[in-house]
Amino acid sequence: MLRKFNLLRNRSFKRKLFSYSILICIVPVLLLGTASSIIASRMVQEEVNHNQQIILQQMQFQMDSLLQSLDRASIILANHTAVEKSVELGPTNKNIDYSLEMIDAIQKQRSFSNIEYDVSIVFTLYDKVYSSRDGFLNLTDYSYYGLIKNTQTNYSSAVAIPPHTYPGQDELLFMRPVPIFYTEEKKGMLILHVPNEKLTSFIQSVNLGERRKLYIVNEEGMIVLSKETDKIGTRLTLSEASSSTDSYSGPFTMGGIEYNVSAIKSSFNNWSYIAMTETGLLTDKAKRIQTMTWIVAAILTVAAAMISFVGAQRLYYPIQKLMNKLSGESRRSGGADDIEALDTFIQHMVKTNDQLKTEINEQLPYLKETVFQQLLRGEMSAREIIKTSERYGFPLQGSWFHVCLVDVDEYVLFQQNYRERDRSLMLYAIRKIAEETCEEREHLSCLTVTPLPGQVAVILGMEESDRHSIEAMDGIASELRTNLKRYFQFSVTVAVSRSYKGFAGISSAYQEALELLSYRLLMGHDRIISAWTIEPDIEQSRTTVVRWQKEIVASISQGNIEQAKAKLVEIAEVVPRYVQNSETVLGLFAYLIGELEFFIQEAGLSSEKVFPNEPYKQLYSMTSLSEVTEWFTETIFPAITAHLSGLQASKQKKTARRVVDYIHEHYDQNISLQHVADELGLSPYHISRAFKEETDTNFGEYLLHYRMDKAKEWLAYTDMPIKEISDRLCYTSVQNFTRIFKQITDMPPGKFRKQFRDLTQRE
């Protein structure tokens, strides 16, 4: 084995390529042939089962329709007043009027029916029988006298007796007690006679194909119908599995011949519809398919071998051409085979390419800027930070890191006073000033990033974290602020974080610096803010004021303007205790305007429409705190509330109208609240709330009552069957529809239709 392996390994690349090409082409063909053969056999079986199921469903539908028609006819006759009176009083001359009316009702019902049948009325109390074929007879002279004595009919139910159940019976008998709902004992019996030829007419028209059988079997296993007339009346019993399920497919042996059986059971009368195909027929077809499959596989195998030979030659040609271009030194260093020389040359190219990538990466400052921002925001794991720092060579050194955050004061005015290009140049200048300020100090590494507009983050790295490092941070922040005042006309606030260990702590330092910037609301502009310079009362008041501002916005969003006014009055009372200049006070309320503008935009409104005049200019033109408070409570808050109320009412009415229109157009489809929400592009909660408030009912109840109104309309003014109404209204079954209809109207659909028709006739 080892010798064979070495022999294969020592073969040239060209021969290896040909060998592997042969295997790659032939093996899939063989596997495909095997899989196709198996799949084809299964498909034949599945196709036969599918066809048999279709045939059985057609037969079931026709037979169930026949039996349902007989059931309706028997109910109409058994419930007819003349029939009930005639059975109760007897066929005597004294009651001849009822007898004649009974005969007339029977003739009319037979003429209206699309099924040919005869009718017999058994007068149980008088031992008489009326037959539409033979007239009035004594019960003992009736051909089915013995059958009547031995057949018991249940209360309000019918009994179907298949042909050949009893000797001399060559027709289907459909029996029902008269009256239908008897109290003590039935007074008579209604029998419908359907000729056997009518039952077998549709089964004779079914094209079964060769070597197939078709049977209809009742619950006792007796064959009711079949193309083989000699089989009718005999018994056919399948396995227990087939009798306990609505459908069945499996093997079955009869008369020493194995069949593939498909069976379905009727939910109307529990009769089974059975189709049988000889297994040998399926086996023959499968073998023919397998033979053809393997012939095609053999042809493809030969073709694959030829393609492999030609393909190996063509695949090796580019390698040969490339080898001819290599220098002589590269060939000699490669070894005996050309492919080894080519591998050596490619490795050299890969190494050179890596060196070029390293040089290019050193010249990608924009890529580094992105990486630095990810580091600042904490979007990189510790492993990614180490890997990236090794790849790009971070200028940061040290074990502890501070973040010095430089933020432009009154950024709105900064935007208004300078163009975008000028703002970018100024921020670039701030970064350069910060880097030059840090370069003057020893044992300190520096990196600048622009995380947000109007903001520069200076990341400082140190080896130790102690009192000297804090003093160094204060010195850098003070010098940086002094240098910026010298060159720019706008002011900045500098926030200095505490020291955090490792690269992973940089994001924590940045978040702390952002938090420190929020103290500018109370401390004012053009300041240096650090954790060790904030007094406890300032920290507490800042937290309180920010929380109150959030509560004001929340109260306005809920429509509680009085609560928002009360919170604003509290802020106006607290702020003067901690703030000594009007500029800082106005800055705090300007921050509140910014929060309100953000909320308005989130609600889908335009801040220009809510604030037609420039709110910041109006604010900074005021001279007293009472004037500011009155302006917010009497102008700003009511304007926002009015726009929100109008927007909400308009959207709510529009949403409810769209939902109602959708229900009216698609009530006959299977729709739900989630489906409507997806179609309208809204959330289910939003639709449910708007619909409930506008219509004073929920979505499900409205859809249910609208469908029931449609059902009433169809029952009253059309002859549409109840099953069709149930299907059109998307109910899973007639029983489910009837149950819900009765809950709404206190009566079943059939009674509703009859009651409406009776009232119409009386009028």
Side-chain angles (χ1 to χ4, degrees), residues 63 66-80 82-84 86-92 99 102-103 105-107 109-110 113 115-180 182 185-201 216-226 229-235 269-271:
M63 180 57 72
L66 173 66
L67 295 177
Q68 288 172 358
S69 298
L70 294 176
D71 187 61
R72 287 194 296 270
S74 67
I75 291 174
I76 293 173
L77 289 175
N79 201 38
H80 198 281
V83 175
E84 290 185 359
S86 180
V87 168
E88 180 180 358
L89 300 176
T92 62
S99 298
M102 175 192 72
I103 295 172
I106 292 173
Q107 294 303 325
Q109 184 61 36
R110 291 179 62 200
S113 176
I115 301 172
E116 181 180 348
Y117 59 83
D118 292 310
V119 180
S120 295
I121 303 294
V122 180
F123 300 81
T124 306
L125 300 178
Y126 302 96
D127 291 334
K128 295 289 185 178
V129 175
Y130 169 75
S131 172
S132 60
R133 289 184 297 194
D134 303 320
F136 286 93
L137 303 171
N138 291 325
L139 182 59
T140 55
D141 297 331
Y142 186 56
S143 56
Y144 297 114
Y145 170 73
L147 185 146
I148 293 173
K149 292 297 183 181
N150 296 326
T151 303
Q152 297 295 327
T153 55
N154 296 327
Y155 176 78
S156 74
S157 63
V159 176
I161 302 177
H164 306 289
T165 303
Y166 295 93
Q169 178 201 349
D170 59 348
E171 55 188 5
L172 172 67
L173 301 180
F174 203 88
M175 307 174 68
R176 180 178 291 279
V178 180
I180 295 178
Y182 57 86
E185 64 177 358
K186 58 179 179 290
K187 300 176 182 179
M189 185 180 298
L190 171 71
I191 304 176
L192 303 183
H193 306 256
V194 181
N196 191 33
E197 295 79 14
K198 298 298 181 181
L199 298 177
T200 58
S201 60
I216 300 179
V217 180
N218 63 12
E219 52 256 297
E220 298 176 1
M222 181 178 294
I223 297 176
V224 178
L225 289 176
S226 172
T229 55
D230 58 332
K231 295 290 186 179
I232 298 176
T234 61
R235 291 190 176 276
N269 58 359
N270 288 328
W271 285 6

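- Considering all non-hydrogen atoms of both residues, G90 and S99 come closest at O-OG, 4.4 Å.
- I191 is not listed as a side-chain neighbour of Y144, based on a closest heavy-atom distance of 4.5 Å or more.
- For the residue pair V194 and E171, the shortest heavy atom distance occurs at O-CB, 3.1 Å.
- Summarising the geometry of L77 relative to A105, their closest heavy-atom pair is CD2-O, 3.9 Å, with the distance given to 0.1 Å.
- Every side-chain contact (heavy atoms from CB on, under 4.5 Å) that Y126 has, sequence neighbours left out, goes to P91, F123, K128.
- Under the side-chain hydrogen bond (donor to acceptor under 3.5 Å, both in side chains) criterion, S69 pairs with R72, not counting sequence neighbours.
- Of all heavy-atom pairs spanning L70 and L192, the tightest one is O-CD1, 3.5 Å.
- In this structure, CD1 on I75 lies 4.5 Å from CZ on R176, to the nearest 0.5 angstrom.
- Remark: L137 engages D134, Y142 in a side-chain contact (heavy atoms from CB on, under 4.5 Å) (not counting sequence neighbours).
- In this view, D118 and R110, R133 satisfy the salt bridge (charged side-chain N to carboxylate O under 4.0 Å, His left out) rule, not counting sequence neighbours.
- Looking at every heavy atom in both residues, S120 comes nearest to V129 through CB-CG1, 4.5 Å.
- Considering only residues two or more places apart in sequence or on other chains, E88 meets the side-chain hydrogen bond (donor to acceptor under 3.5 Å, both in side chains) condition with none of them.
- L190 is listed as a side-chain neighbour of I121, based on a closest heavy-atom distance under 4.5 Å.
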Apply side chain to side chain contact (heavy atoms under 4.5 Å, CB included) to residues V87 and M189 and explain how you reach the verdict. CA-CA 9 Å; V87 168; M189 185 180 298; over 6 Å; no
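- Judged as a side-chain contact (heavy atoms from CB on, under 4.5 Å), and not counting sequence neighbours, the contacts of S113 are I115, Y117.
- Not a single ring pair (Phe, Tyr, Trp, His ring centres under 6.0 Å) links H80 to another residue, sequence neighbours left out.
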Side chain to side chain contact (heavy atoms under 4.5 Å, CB included) between V122 and L139, worked out: CA-CA 8 Å; V122 180; L139 182 59; 4.0 Å; yes
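- Counted within 6.0 Å of CD on Q107, heavy atoms from surrounding residues, nucleotides or ligands total more than 12; the atom is thus considered enclosed.
- With sequence neighbours left out, F136 forms a ring pair (Phe, Tyr, Trp, His ring centres under 6.0 Å) with Y130.
- Residues H193 and V119 have side chains not in contact (no heavy-atom distance under 4.5 Å, counting atoms from C-beta outward).
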